[in-house]
Amino acid sequence: MHYDFKKIEEKWQKKWAKAHVFRAQADSTRKKYYLLEMFPYPSGKIHMGHVRNYTIGDVASRFKTLEGYNVMHPMGFDAFGQPAENAAIKNKTKPVDWTHKCIKDMETELKKMGFSYDWEREVSTCDSDYYKWNQWIFLKMFERGLAYRKASGVNWCPSCQTTLANEEVIEGGCWRCHTKVEQKDLVQWYLKITEYKERLLEDLNQLKNWPQRVLAMQNNWIGKSSGVDIYFRLENSDRTIPVFTTRVDTIFGATYIVLAPEHPLVLDLVKDKPQEKEVLQFMKKVARESKLVRTASDVKKEGVFTGSFAINPVNNEKVPIWIADYVLMEYGTGAIMAVPTHDQRDFLFAKEHKLPLRVVIEPKDKSISSAAELSEAYEGDGRQVNSGEFNGLDNQEAKTRIAQWMEAKGIGKIQTHFRLRDWLISRQRYWGTPIPMIYCPACGIVPVPYKDLPVELPASAPFTGEGGSPLGKVKKFVEVKCPKCKGQARRETDTMATFFDSSWYFLRFCSPKFNDAPFDVKEAKYWMMVDQYIGGIEHAILHLLYSRFFTKFFQDLKMIDFTEPFDKLLTQGMVLKDGEVMSKSKGNIVDPDSMIKNYGADALRLFILFAAPPETELEWEERGLEGAYKFLNRVWRIQENLKSNADLQVLRALHRTIKKVSTDFSEFKFNTAIASFMELTNVIYQLGADKKVFSDFVIMLSPIAPHFCEELWEILGYNESIFKAPWPKFNPELLIEENVELVIQVNGKLRSKIEVPRNIAEDKLKELVLKDEKLISWFEGKSPKKIIIVPQKLINIVI
RNA sequence: GCGGAGGUGGUGGAAUGGCAGACACGCAGGUCUCAGAAGCCUGUGCCGCAAGGUGUGAGGGUUCAACUCCCUCCCUCCGCACCA
């Protein structure tokens, strides 16, 4: 009645493991396929998101295997990170023990899903033979000036008690716990990702097989903008203030300039001026404001006059210098020229503080006689006015001309600014990779020698979750001899951000046990790039950007000869319940494990692929899972009723399915592939199938329901694993039907259908159609004006 | 504001110039059964008894033919954002 999924799934999982069916080995005579899914954080339980991600990957991997590729499909664990510390505090265990237990539990759950991983390649980032290479990479970066220490205001999460990278601040809050992020002055380690900004941007063009939106997000994040740095000279001084603008065509309309409150010049500017007190007060107020408040778009722009003036270099006009909260120190030069007539923010600010306005761009179709008539800034294109020798020019042209003119006169410089900042990687946490640096009172900052790697994490530390680096409290860890002078020195006690760990793991999988370097160059040459990468959209910026950065760094080290790590990228949609993301707090979590218990892993895999295309969100529907299970039972019953010969019609249906499924699988259209399996099943239910037809069907279904199909394969009498079988090929002759059904339209509307021989002559066809009784009344006695024939599809008669 | 993805039955979705709604879920009816479950069969966009009409966010256009291409607009989701 029902197939025994529990027995079957356990049986095949054991067999696969025992026979090392999924072991991957480099073989230069075979075409490789490296399929990778984003590795999980070992929380101890897999969730539906994992199930979806890994099922998509598993089907692709098994399909490629059947197609004859040498497939590598590895799995590992992104095992460092804060939850381990929290759990350890709560359960009074060590993070290392908690993490290893979670990894074990997750392995078990992943294996229950029947995923085809080469477990011999498994890596965990918290093992010292992995993080040793984090340290190695860090040292290489340090040697090349790409890792450096800097004191600056950093993002600080008061709840996690640690720093955050810019990328980890979401809407002013911590990406993990959403606590409002504070600013704090600290000396921290940074990676100079900005050195790669042009390449990171430029090479996005190579990523033809990435989703548009991911490319857009990366592009956005790097944030290149081109314009001109203009040098405003301070009145009665030789000092200049560079301001950045993308609208140099509006320079003649600049009526004041604005500095960020943190701008280093401000204190000098106001010294002994009557405005000093007010300005200092304003600076204090802004410093107190969190960035969240300050950048909220609906907040009124506030600012104060500094009492100083600057000279606009294009017309020697004296303009007041203000400071305002809407100018940010971290972007551009931290100073802007304000053109209230052509920038809406400047417009509002000028109105508020009664600053002068001057129109310098007129729309093509009307003239603006006075700035007073403007009710908002005119930000569009037009013709230059009040712009000296540039009057009358089209503003786009003026942009280039003015920029060149300013460069020639030495009053400006064509300049490009980026939004991308260097990557802050120091974390005041215990459970992470120790940064391999030593501070010596005599020699300064000294890198740990390569031969002393790894700098091992002590087995435990007094981490309470309350402030400071826990490693700083471990005397045996901190106190060290200086590698240079052998004097007493201190270790760095911060650890690396965990995104460091995941920025190169795809390379480690190529040679996970290699002892001389992060990866074996020869193995990487064979396996890389990753042909298909699959993961959540939440990693569209951080993880993918960092991985691209590391790859370019390895290229510069001449360890690899490619520049991008991931050829194709698929970002799978989320799994929703009642229209919402599954989460503990909403209490709407569906546990994969209980679904496996009730319906089996194969049914779960089938449902999750059938319910929606991979990139779209998927609404969880247990009835749908029941349906998947019902379908598998239907297929099972075919095997119990095989005939000795198959109908020609069934054979045709099979070959149609082979054709459809082959393309659908390679395009990740699993939902429609499954629909054609169902259609084929419906045909077989009417007409029956023989062993040959059913065997091909089972092979095609096996990537989706591997245990189920292995079992059927065995029942059919085959000895070897179904995954050694060749993917079926369709016979084009069987796709050609003798007779075809043509649709007949009158004036584009469906009026009749007709079955005719495939190669019927057009004349004959016309004759046949015009005699059709069903159609005659639609002709209304008139004769056809035109007859359009689309061979083997339709006829449209225009009356 | 900028950028990206979308809008199709009661639901998930299919069709990328050629029969709109494949395939499923749900629902209705039938069959089997003492009965139920399971299975199997049939029907199912909407209006209409029917003939037929109508229908892919709205409006316009191109075409013999438009969910699909073009124009105008509306809405939803996602990313970035006082970025100069």
Side-chain angles (χ1 to χ4, degrees), chain A residues 1-2 170-171 211-221 223-225 227-228 243-248 250 257-258 260 294-302 324-328 330-339 343-346 348-349 379 417-419 537-538 540-541 571 573-574 607 610-613 615-628 630-631 633-634 637 669 671-682 685-686 741-753 777 784-799:
Chain A
M1 273 240 303
H2 299 295
I170 313 290
E171 287 173 358
Q212 274 309 312
R213 63 168 170 162
V214 176
L215 294 175
M217 282 158 84
Q218 294 248 329
N219 191 29
N220 217 328
W221 191 263
K224 180 176 182 170
S225 89
V228 179
V243 306
F244 176 63
T245 182
T246 53
R247 287 296 305 273
V248 73
T250 64
I257 69 175
V258 190
R294 194 169 152 188
T295 57
S297 55
D298 48 352
V299 165
K300 198 166 80 183
K301 296 160 186 26
E302 289 188 66
D325 56 359
Y326 75 96
V327 177
L328 308 173
E330 57 277 21
Y331 188 76
T333 61
I336 62 158
M337 66 174 199
V339 185
D343 181 290
Q344 185 61 18
R345 287 159 304 170
D346 296 344
L348 294 173
F349 192 82
E379 295 181 332
H417 287 281
F418 286 79
R419 216 187 76 99
I537 187 72
E538 66 274 18
I541 299 172
T571 51
M574 283 186 295
F607 164 69
F610 181 54
E615 309 82 8
T616 346
E617 286 178 341
L618 183 151
E619 176 67 31
W620 179 262
E621 179 66 71
E622 192 159 337
R623 286 221 176 100
L625 177 55
E626 272 171 48
K630 248 161 65 178
F631 169 72
N633 277 307
R634 246 168 104 80
R637 262 176 258 124
K669 294 180 180 170
N671 55 331
T672 50
I674 292 167
S676 24
F677 287 139
M678 290 171 169
E679 280 176 80
L680 179 60
T681 304
N682 290 342
Y685 257 67
Q686 304 274 334
E741 194 187 52
L742 294 189
V743 169
I744 306 176
Q745 296 179 335
V746 178
N747 287 338
K749 287 204 191 291
L750 173 69
R751 293 305 179 196
S752 180
K753 288 180 185 183
S777 66
K785 219 192 274 174
K786 200 172 170 188
I787 298 179
I788 288 124
I789 298 179
V790 183
Q792 294 171 51
K793 275 203 176 129
L794 64 65
I795 308 157
N796 189 10
I797 302 158
V798 187
I799 301 292

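By convention in this document, chain letters (A, B, ...) are assigned in the order of the sequence lines, proteins followed by strands, and residues within each chain are numbered from 1.
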remark   = Sorted by chain and residue number, the salt bridge (Lys or Arg N to Asp or Glu O under 4.0 Å) partners of A:R247 (sequence neighbours excluded) come out as A:D249
Results of salt bridge (Lys or Arg N to Asp or Glu O under 4.0 Å) for A:R345 - residues two or more places apart only =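 By the salt bridge (Lys or Arg N to Asp or Glu O under 4.0 Å) rule, A:R345 matches A:D343.
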List in chain and number order the residues that pass side-chain hydrogen bond (donor to acceptor under 3.5 Å, both in side chains) with [X], two or more places apart in sequence or in another chain; answer none if no residue qualifies.
X	result
A:E619	none
A:T246	none
A:K224	A:E198

When rounded to the nearest Å, what value does the distance between [atom1] atoms of [N] and [M] take?
N	M	atom1	answer
B:A37	B:U44	C1'	24 Å
B:G17	B:C70	C1'	13 Å
B:G36	B:A51	P	35 Å

Looking at the side chain of [X], which of [options] is the nearest nucleotide?
X	options	result
A:T246	B:G4, B:A24, B:A84	B:A84
A:A216	B:G3, B:C40, B:C64	B:G3
A:K786	B:A84, B:C23, B:C64	B:C64
A:I336	B:A84, B:C19, B:C82	B:A84

ask   = Side chains of A:R634 and A:N682: donor-acceptor distance under 3.5 Å anywhere?
value = yes
task = Dump the intermediate steps for side chain to side chain contact (heavy atoms under 4.5 Å, CB included) on A:L750 and A:V743, then the final yes or no.
result = CA-CA 7 Å; A:L750 173 69; A:V743 169; 3.2 Å; yes
request  = Measure from NZ or CZ of A:R419 to the centre of the six-membered ring of A:Y331 and say whether it is under 6.0 Å with the direction within 45° of the ring axis.
outcome  =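 Relative to the ring axis of A:Y331, which defines the angle, A:R419 lies outside at least one limit.
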At less than 4.0 Å, is any side-chain N or O atom of [X] found next to OP1 or OP2 of [N]? Yes or no.
X	N	answer
A:R634	B:C40	yes
A:K224	B:C83	no
A:R623	B:A24	no
A:R637	B:C40	yes
A:R345	B:A81	no
A:R419	B:A81	yes

Starting at atom [atom1] of [X], determine the distance to atom [atom2] of [N], rounded to an integer number of angstrom.
X	N	atom1	atom2	answer
A:D343	B:G1	CG	P	15 Å
A:I789	B:A65	CD1	C1'	15 Å
A:Q218	B:G3	CD	P	19 Å
A:K630	B:C40	NZ	C1'	11 Å

ask   = A:D346 near the nucleic acid: base, sugar-phosphate alone, or nothing, with a heavy-atom cut-off under 4.0 Å?
value = nothing
Sugar-phosphate only, base, or nothing, as touched by A:F631 at under 4.0 Å among non-hydrogen atoms = nothing
ask   = Want to settle it: does A:T333 or A:N220 sit nearer the 5' end of RNA chain B, counting the closest nucleotide to each?
value =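 Its nearest nucleotide being more 5', the pick is A:N220.
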ask   = Closer to the 5' end of RNA chain B via nearest nucleotide, is it A:A675 or A:L750?
value = A:L750
ask   = Checking only heavy atoms, does the side chain of A:K753 share a donor-acceptor pair with the base of B:C19 at less than 3.5 Å?
value = yes
task = List for me each residue that meets side chain to side chain contact (heavy atoms under 4.5 Å, CB included) alongside A:T672, sequence neighbours excluded, and say none if there are none.
result = A:K660, A:D664, A:K669
key: A:E626: partners by side chain to side chain contact (heavy atoms under 4.5 Å, CB included), with sequence neighbours left out   =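 Here the qualifying residues are A:Y599.
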message = Tell me if the aromatic rings of A:F418 and A:W221 count as close, with their centers under 6.0 Å from one another.
response = no
remark   = Stems of at least 3 consecutive Watson-Crick or G-U wobble pairs (donor-acceptor distances under 3.5 Å) involving RNA chain B, listed by first number, are B:1-7 with B:74-80, B:10-12 with B:23-25, B:26-31 with B:39-44, B:45-47 with B:52-54, B:57-61 with B:69-73
task = Going 5' to 3' through nucleotides 11-18 of chain B, assign each nucleotide B (protein heavy atom under 4.0 Å from a base atom), S (under 4.0 Å only from sugar-phosphate atoms) or - (no protein heavy atom that close).
result = -BSS---B
task = Please work out whether B:G7 sits syn or anti, treating a glycosidic angle within 90° of 0 as syn.
result =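 This nucleotide is in anti.
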